[in-house]
Every structure is written in C-alpha cells, then in structure tokens.
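Everything on this sheet refers to the single structure shown next.
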Amino acid sequence: MARSRSTRGIPTALRSRLLIPALVALVAGVGGVAFGLAHDDAVTALGALLFLPSAALLFGIVAKRHGIGPFSPSRRRAS
C-alpha cells in the first residue's frame, strides 16, 4: 500500500531549519511559565506565554510548507 503524501512529508519536515526556532520558543515558553508558577511570579509566567503563539506559528509554517495534517492538498477537484 502506498503511503499518503502527509506521511511522506513528515521525515522531510523534521529536517526543516524552522523547527529549531520553533522548539526554542516552545521550550522558552513552557520553561518560563513553569519557572513563574514555581516562584509565584505571575508577570514572568504571563510574559512567557507570549512565546507560545510564536512557536505555534513556526510549527504551522513548517506543516504548511510540507503539506502535513490539515494543510495537505485536497484530493477533491474544484468544480
């Protein structure tokens, strides 16, 4: 059975250079929130939340470029 385009795109997407800043933003966001909550510092925790949308956008850009998930090309023809 042939693999679908989205499953073939996953290994190539994992080699994307945009994943490095996406992972850094994700780790900084989660780490900052954890640090802020552990030290009862609401400003640090809320400020670190600003990193999470950046990480999500970068992961979304990689997924769209490689046609993974809901960004895969449609198999239906336009009428």
Side-chain angles (χ1 to χ4, degrees):
M1 180 182 273
R3 291 170 55 184
S4 69
R5 179 166 160 48
S6 74
T7 53
R8 284 186 306 217
I10 291 174
T12 59
L14 290 176
R15 291 190 295 265
S16 176
R17 292 178 188 232
L18 280 177
L19 286 180
I20 294 170
L23 287 173
V24 169
L26 183 66
V27 168
V30 171
V33 169
F35 179 82
L37 292 176
H39 289 84
D40 292 328
D41 187 5
V43 174
T44 301
L46 291 174
L49 284 175
L50 294 174
F51 283 96
L52 299 180
S54 300
L57 284 173
L58 288 169
F59 282 120
I61 290 169
V62 171
K64 185 167 182 161
R65 283 186 180 176
H66 295 283
I68 298 171
F71 302 109
S72 60
S74 176
R75 292 192 178 130
R76 291 188 290 162
R77 299 174 98 193
S79 42

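- To the nearest 0.5 Å, atoms CG (Leu19) and CZ (Phe59) are separated by 6.0 Å.
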Listing, residues 24-53 side-chain donor-acceptor contacts under 3.5 Å, not counting sequence neighbours, or none:
from: His39; atom 1: ND1; to: Phe35; atom 2: O; distance (Å): 3.1
from: Asp41; atom 1: OD1; to: Val43; atom 2: N; distance (Å): 3.4
from: Asp41; atom 1: OD2; to: Thr44; atom 2: OG1; distance (Å): 2.4

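- Contacts classified as side chain to side chain donor-acceptor pair (under 3.5 Å) and involving residues 28-38 (residues at least two apart or in different chains) are not found.
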